[in-house]
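In what follows, a single structure is set out as structure tokens and then discussed.
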Amino acid sequence: QVQLVESGGGSVQAGGSLRLSCAASGDTYSRRSMGWFRQGPGKEREGVAGIYISDSRTYYSDSVKGRFTISHDSAKNTVYLQMNGLKPEDTAMYYCAASGFRLIGPVSLNSQNFYYWGQGTQVTVSS
């Protein structure tokens, strides 16, 4: 079993920054890959960033590439999503997810590859 707890969401103005955190606990082998997903009002869940923990390889959706950075701190069992240059269209509930698969590239943004999910943290960006 894996437990994931997100934090760091909030309300910011366009152009601002936020850093989301995902504190993970439980079976290490079930969180070899971690991802950040989001779901905006009336939208489907979208993968925005993924990381393969072993070698820190990352992958981003086109919508956030160059603005968001995913990273991890193994000592703290925490994955981060640094979000810069926020836009109103980034408004969504953001979820952290864990997978026991070695996910590199586009597959790291596919929610079907992730078994464990956090409860989400809301990000609201005003214009």
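One-based numbering along the sequence shown.
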* Asked: Is there side-chain contact between Ile53 and Met34, with at least one heavy-atom pair below 4.5 Å?
  -> yes
* To do: Please confirm whether the backbone N or O of Pro106 pairs with a side-chain atom of Ser108, one donor and one acceptor, at under 3.5 Å?
  => no
* Heavy-atom distance under 4.5 Å between the side chains of Arg31 and Asn77, does that happen here? -> yes
* Asked: Would a hydrophobic clustering, with Ile, Leu, Val, Met, Phe, Trp and Tyr connected at side-chain separations under 4.5 Å, put Tyr59 with Val64?
  -> no
* Atom of Ala14, atom of Ser127 and distance for their closest heavy-atom approach -> CB-CA, 4.3 Å
* **Gln119 atom CD, over 12 foreign heavy atoms within 6.0 Å** => yes
* To do: Would you check if there is a donor-acceptor pair between the side chains of Ser63 and Glu46 at a distance under 3.5 Å?
  => yes
* Hphob cluster co-occupancy, Tyr116 + Met93, side-chain heavy atoms under 4.5 angstrom -> yes
* Asked: Please, which pairs that meet salt bridge (charged side-chain N to carboxylate O under 4.0 Å, His left out) have at least one residue in residues 55-71, sequence neighbours excluded?
  -> Asp55-Arg57, Asp62-Lys65, Arg67-Asp90
* Thr121 (side chain) donor-acceptor with Ser7 (main chain) under 3.5 angstrom -> no
* Applying the ring-ring contact (aromatic ring centres under 6.0 Å, His included) test to Phe101, which of Tyr29, Phe114, Tyr115 qualifies? -> Tyr115
* Do the side chains of Leu109 and Val48 get nearer than 4.5 Å, heavy atoms only? -> no
* Do Ser25 and Gln3 have side-chain N/O donor and acceptor atoms under 3.5 Å apart? -> yes
* Could you name each residue pair satisfying disulfide (SG to SG under 2.5 Å) that touches residues 24-125, not counting sequence neighbours? => Cys22-Cys96
* Asked: Can you find a pair of side-chain heavy atoms, one from Trp36 and one from Leu20, that are under 4.5 Å apart?
  -> yes
* **Partner residues of Ser74 under the side chain to side chain donor-acceptor pair (under 3.5 Å) criterion, sequence neighbours left out** => His72
* **Single-linkage hydrophobic cluster, 4.5 Å side-chain cutoff, Ile70 and Leu4 together** => yes
* Which pairs with one or both residues in residues 93-102 pass side-chain hydrogen bond (donor to acceptor under 3.5 Å, both in side chains), sequence neighbours excluded? -> Arg38-Tyr94
* **Rounded distance (nearest 0.5 Å) linking atom CD1 of Ile104 with atom OG of Ser33** => 7.0 Å
* Please say whether the positively charged group of Arg19, taken as NZ for Lys or CZ for Arg, lies over the ring of Tyr80, i.e. under 6.0 angstrom from the six-membered ring centre and within 45 degrees of the axis. => yes
* When you measure from the side chain of Thr91 to the backbone N and O of Val125, does any donor-acceptor pair fall under 3.5 Å? -> yes
* State yes or no: are the ring centers of Trp117 and Phe37 separated by less than 6.0 Å? => yes
* Pairwise side-chain contact, Thr69 with Tyr60, heavy-atom cut-off 4.5 Å (strictly under) -> yes
* Asked: Of all residues at least two apart in sequence or in a different chain, which pass the side chain to side chain donor-acceptor pair (under 3.5 Å) check with Asn110?
  -> none
* Who are the side chain to side chain donor-acceptor pair (under 3.5 Å) partners of Tyr52, not counting sequence neighbours? -> Arg32
